[in-house]
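Chain letters run A, B, ... following the sequence lines, proteins first, then strands; residues in each count from 1.
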There are 2 protein chains.
Amino acid sequence: MRILLIEDDTVLGAGVRDQIQAEGHSVDWVGRLDEAGEYLASASYDLVLLDLMLPDGRGLPFLREMRKRGDVTPVIILTALDQISDRIEGLNAGADDYMVKPFDLSELSARLAAVARRYAGNPNPLVTIGDLEIDLAFRSVRRNGKLVALTAREWVLFEAFVQHPGQILSKAQLEERLYAFDAEVESNTIEVHISRLRKKLGREKIDTVRGMGYRLGES
Amino acid sequence: MRILLIEDDTVLGAGVRDQIQAEGHSVDWVGRLDEAGEYLASASYDLVLLDLMLPDGRGLPFLREMRKRGDVTPVIILTALDQISDRIEGLNAGADDYMVKPFDLSELSARLAAVARRYAGNPNPLVTIGDLEIDLAFRSVRRNGKLVALTAREWVLFEAFVQHPGQILSKAQLEERLYAFDAEVESNTIEVHISRLRKKLGREKIDTVRGMGYRLGES
DNA sequence: ACACGGCCTTCAGCTTCCTGTCAGAAAGCA
DNA sequence: TGCTTTCTGACAGGAAGCTGAAGGCCGTGT
């Protein structure tokens, strides 16, 4: 799963990030609400972990704003406020769950598993594209029923297309998904990976939009 | 069923006792191993719930002693989270199941029901994978009808795959199943165990997903 | 108490295969 | 046609994974 962690405490944040990654999910970690907004706008996440007290504002209005925009991404609130009224307010604002700091990392695992389970048994657990069957939760792709082995990078790319059907994704956007911010690549890596994906999944699955990027095929 | 509960924590013990009675079983509850020995000698039980940390000794030697005497009464171990590694030893010592404290009482109900089913002589569900036949309740695997001997750790690993078919399990996740939280393994233990499992069950039963983990094979 | 044996971890060397790079071919565009 | 952009086969370096062997721990039998 792709998870957005919004937390300004560096110690807790690092711990949570490590735990999540250890479970095999990918994490973007930001410490401010304005950053969080940008990330939410530019990528799609399967889960948001939201601290309520941040340097540039409170989390609840941010959450309400999200919901008003129609964003239904599951949100788990992380907070030191342990008062029941806060909890109710949080749930009212559209949170899916609530964890009081300090919490056990194993507790976090349990919640993640719960979300993953829901994610796994969701409206469209299987996305079908032509002869492909994609299971986002299990990270598996079948072509004509046969499991296709995608490498880590290939999966990250393909997942991006599946999560944004119809949308043109630029090479820059795709690179961002593949690499950490600092690390940079000086070559046509994306093109090469796209080429490999096409070979495995079928040429027509990914369209080239000259000068702009790539897009999921129509089929 | 007649159940012997060996547990020194009065709060947990009372909760468990009440739950069991609510399900219509009868319970004897003792807080020490010497008492437990007496009860076992003087009455016969259909199930034993055994805490591992007791005031007058540890539960595992007690369990081993039972098995050595030829006592085959089903035993479910109750253990704290930081003793997960004990559960491996528990399996070795002849436990039938384990529950990590704190556990849900509904989870307890499920295990009771499973034991009751076996007690009633009903068939256990068999999972079939290629030429393998797995009996999760009895912890046995047959390959082409021939019993395959798995060691405790091998079983814990393999069970994880069987319980999550199709899902990629990371080494971190698998390690978590094998070891206590803090316990750290600085080496390729998982790889070694996977290697041995493959040798016993067939190479194709477990797929490697490079950089992500392992997954049950398709076959 | 001692030795034996099974099981587990560690280590080291080996194999596999992922991935970024490049170069030439192909395709789009004017 | 000539220029740009994209595609794709090949390759090398290195990371990730595999596996045989050695050593240690623990429970068991003598």
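Between B:T151 and C:dC8 there is a side-chain N or O to OP1 or OP2 distance below 4.0 Å. For D:dT5, neither phosphate oxygen OP1 nor OP2 lies less than 4.0 angstrom from any side-chain nitrogen or oxygen of A:K171. In this model, the phosphate group of D:dG17 is not approached by any side-chain N or O of B:R203 to a distance below 4.0 Å at OP1 or OP2. The shortest distance between the side-chain N/O atoms of B:H193 and the OP1/OP2 oxygens of C:dT9 is below 4.0 Å. In this structure, A:T189 does not reach the C:dT19 phosphate: none of its side-chain N or O atoms is under 4.0 Å from OP1 or OP2. A close approach under 4.0 Å does occur between a side-chain nitrogen or oxygen of A:Y214 and OP1 or OP2 of D:dC7.
B:R67 is linked by a salt bridge (charged side-chain N to carboxylate O under 4.0 Å, His left out) to B:D96, counting only residues two or more places apart in sequence or in another chain. Residues passing the salt bridge (charged side-chain N to carboxylate O under 4.0 Å, His left out) test with A:R142, sequence neighbours excluded: B:E218. Listed by chain and residue number, B:K171 satisfy the salt bridge (charged side-chain N to carboxylate O under 4.0 Å, His left out) test with B:E191 (two or more places apart in sequence, or in another chain). With sequence neighbours excluded, the residues satisfying side-chain hydrogen bond (donor to acceptor under 3.5 Å, both in side chains) with A:R198 are A:T208. Listed by chain and residue number, B:D131 satisfy the salt bridge (charged side-chain N to carboxylate O under 4.0 Å, His left out) test with B:R143 (two or more places apart in sequence, or in another chain). With sequence neighbours left out, the side-chain hydrogen bond (donor to acceptor under 3.5 Å, both in side chains) criterion links A:D207 to no other residue.
In this entry the distance linking CZ of B:R198 with P of D:dG17 reads 10 Å, nearest Å. For the pair A:E191 CD and D:dG9 C1', the computed distance is 14 Å after rounding to whole Å. Following rounding to the nearest Å, B:I190 (CD1) and D:dA16 (P) show an atom-to-atom distance of 16 Å. As rounded to whole Å, 14 Å separates atom C1' of C:dC8 from atom CD of B:E175. Atom CG in B:D207 sits about 16 Å away from atom C1' in D:dA16, given to the nearest Å. As rounded to whole Å, 18 Å separates atom P of D:dT5 from atom CD1 of A:I194. For the pair A:I168 CD1 and D:dT6 P, the interatomic distance rounds to 12 Å; values are reported in whole Å. Atom P of nucleotide D:dC7 and atom CG of A:L197 are separated by 12 Å, given to the nearest angstrom.
Under 4.0 Å is where a charged nitrogen must lie from a carboxylate oxygen, and between B:R2 and B:D46 no such pair does.
Residues B:L50 and B:L63 meet the side-chain proximity criterion, which asks for heavy atoms closer than 4.5 Å.
The bend of the helix from C:dA1-D:dT30 to C:dA30-D:dT1, defined by the angle between the axes of its first five and last five pairs, stands at 30° to the nearest 10°.
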Going 5' to 3' along nucleotides 20-30 of chain D, which nucleotides have protein heavy atoms under 4.0 Å from the base (write B), which only from the sugar-phosphate (write S), and which from neither (write -)?
-> S------SS--
Which side-chain N or O atoms in residues 144-152 of chain B pair as donor and acceptor under 3.5 Å with protein atoms at least two apart or in another chain?
| residue | atom | partner | partner atom | Å |
| --- | --- | --- | --- | --- |
| B:T151 | OG1 | B:E154 | N | 3.4 |
| B:T151 | OG1 | B:E154 | OE1 | 3.4 |

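Remark: the A:R210 side chain and the D:dT5 base include a donor-acceptor N/O pair separated by less than 3.5 Å.
The closest donor-acceptor contact from the side chain of B:D56 to the backbone of B:D34 lies under 3.5 Å.
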